[in-house]
Amino acid sequence: MTLSIHDSIKKIPHYPMAAMYGLEEGWIRLASNENPFPPSPDVFSRILDVLHHMNRYPGGEQELKNAVANHYGVKADQVLFGDGSDELIELVLKAMKHDSRKDVIVSDPSFPFYTIAAAIYGYAVRKVPLIDMKVDLNTIKAAIDEETRVIFLNNPLNPTGTIFEENEFSLFLKDLPPDILIVVDEAYAEFAENKAFPDTFKYVNDHPVLVLRTFSKAYSLAGLRIGYGVGEASLISFLERTKQPFSVNICALTGAEAALADRTYLAKVLNNNRKGKEFYYGALKELSLGFVPTEANFIMMEIGEQAEAIVKRLFDEKILVRWMGAYKLPDYIRVSVGRPEENVQCMDALKRILKSRS
Ligand SMILES: Cc1ncc(COP(=O)(O)O)c(C=O)c1O
């Protein structure tokens, strides 16, 4: 091709999607940390109403800002929505880009879109290894230098499900250079059961901290695409200026408001997750397989050198799970917590396949 595509873009890998089997019936989808249930029934009824207004550009953002602000005890001008939290990751990089310092720090492994988005916007990425499958905030801090502009922390961490705790985070924030933006991506926060999980919202006014959350996981709106950021009002205002107007559609705005209000639905999802985790822990112990105890809606299982082959065999049985080769953990697979019967089918198949290969 003769078009002058930017060299840095040519090097960017495609995002590793597992959605290519679309909505075809018969698959058990445990590869993308999705919610296995359809969203709250209130989401459906509100969206059906709002569809009559699809000739208009989306309104309703202010109402949702108020709802999120009330929910977390912050002000409405501290909240910003994106077309998924993915869009907010991009807004950060767009807004922070324009000067000579341009490094992004991420943990290794972590959610792949940080690295992809950083490359799109011309940043260099410094990857800091985990310690015992956890983000170690001391090593992250030690990696900061003159070039550092943004640090993406993901808590609970995708793919390991581990967390850093409140005391670690507050220590980390002490004596940081004040011109580095700390983005704490809490896509899976609702699932965290550990009481030491940080209350990051309380830091956003006194520190350059932006918290990202999403409606894709616990609230089951992954297909609608809506995430939100909470930060200090002037930071939110700058980020908002870099955003495409109307990037979040009316169904997403309306659906998110209904989803946030339905506490019974959320409790059902979290209960299913708690029980699913217990089931997996028990089944894995029975099989003498290692695993990483998780604070999220997925579990990393240690399968050994046949992990990739096992994922292919599960795929033949229409069970989608994620091999962790791309995350440089080739002995592991990551399995989302599904519905009870899906978890059972997945572990039965895994047991059978492992037995047939031993
Ligand atoms: C850590 C993390 N952040 C962000 C996202 C993207 O979320 P959204 O659907 O809101 O774009 C994901 C999706 O899997 C994720 O794992």
Side-chain angles (χ1 to χ4, degrees), residues 14-15 17-25 27 29 32-72 74-95 113 116-117 120 185-187 190 210-231 233 236-266 268-269:
H14 279 276
Y15 182 80
M17 298 219 229
M20 57 272 208
Y21 304 96
L23 300 175
E24 243 174 69
E25 285 297 316
W27 286 87
R29 293 182 179 76
S32 298
N33 311 335
E34 292 158 337
N35 190 321
F37 300 108
S40 154
D42 301 346
V43 170
F44 290 94
S45 55
R46 291 283 306 280
I47 287 181
L48 285 176
D49 286 345
V50 87
L51 282 178
H52 294 285
H53 302 284
M54 71 165 103
N55 56 318
R56 305 285 174 203
Y57 286 105
E61 197 156 315
Q62 191 57 45
E63 285 88 332
L64 186 58
K65 280 190 179 185
N66 294 341
V68 170
N70 279 341
H71 195 80
Y72 292 115
V74 296
K75 298 210 172 84
D77 62 1
Q78 294 188 264
V79 182
L80 170 69
F81 299 107
D83 182 19
S85 48
D86 283 346
E87 186 185 19
L88 298 165
I89 294 168
E90 280 198 61
L91 298 189
V92 162
L93 295 166
K94 276 196 224 176
F113 191 63
I116 294 175
I120 294 170
D185 178 350
E186 298 186 342
E190 290 85 355
L210 176 73
V211 183
L212 300 185
R213 293 271 182 120
T214 182
F215 285 98
S216 295
K217 308 294 178 180
Y219 295 99
S220 203
L221 302 184
L224 281 186
R225 312 301 301 126
I226 175 162
Y228 53 103
V230 175
I236 293 297
S237 161
F238 288 128
L239 295 179
E240 198 147 42
R241 293 174 214 192
T242 69
K243 183 168 117 91
Q244 214 191 94
F246 311 121
S247 67
V248 185
N249 67 74
I250 45 169
C251 295
L253 288 169
T254 308
E257 204 183 335
L260 191 66
D262 189 347
R263 308 316 292 164
T264 315
Y265 174 85
L266 182 67
K268 178 186 118 178
V269 168

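Fair warning: this is a prediction, and the values are worked out from it, not measured in the lab.
Taking all atoms of both residues into account, the shortest heavy-atom contact from G229 to L212 is CA-CD2, 4.0 Å. When all heavy atoms are compared, the tightest approach of V248 to K243 is CG2-NZ, 3.9 Å. In plain terms, the two heavy atoms of P38 and S220 that are nearest each other are C-OG, 3.9 Å. For the residue pair T242 and A95, the shortest heavy atom distance occurs at CG2-CB, 3.9 Å. The two residues C251 and L224 have their closest heavy-atom pair at O-CD1, 3.7 Å. In terms of heavy atoms, I250 sits closest to T254 at O-OG1, 2.8 Å.
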Without placing hydrogens or testing angles, list every side-chain donor-acceptor pair under 3.5 Å for residues 50-64, not counting sequence neighbours.
| from | atom 1 | to | atom 2 | distance (Å) |
| --- | --- | --- | --- | --- |
| Q62 | NE2 | N66 | OD1 | 3.2 |

Check: residues 74-90 side-chain donor-acceptor pairs under 3.5 Å, at least two apart:
| from | atom 1 | to | atom 2 | distance (Å) |
| --- | --- | --- | --- | --- |
| Q78 | OE1 | K75 | N | 3.0 |
| Q78 | NE2 | N205 | OD1 | 2.9 |
| Q78 | NE2 | G231 | O | 3.0 |
| E87 | OE1 | D83 | N | 2.6 |
| E87 | OE1 | S247 | OG | 2.7 |
| E87 | OE2 | S247 | OG | 3.2 |
| E90 | OE1 | Y121 | OH | 2.4 |

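In this structure, the separation between CD1 on I47 and CG on L221 is 7.0 Å, given to the nearest 0.5 Å. Once rounded to the nearest 0.5 Å, the distance linking CD1 of I236 with CG of L210 reads 5.5 Å. Atom CG of D185 and atom CZ of F113 lie 11.5 Å apart (nearest 0.5 Å).
Looking at S32, its side chain never comes within 3.5 Å of a backbone N or O of E34 through a donor-acceptor pair.
With sequence neighbours excluded, the residues forming a salt bridge (Lys or Arg N to Asp or Glu O under 4.0 Å) with K65 are E240, listed by chain and number.
The aromatic ring centres of Y265 and Y219 sit 6.0 Å or more apart.
Side-chain contact check for K268 versus D262: every heavy-atom pair is 4.5 Å or farther apart. Side-chain contact check for N33 versus K217: some heavy-atom pair is nearer than 4.5 Å.
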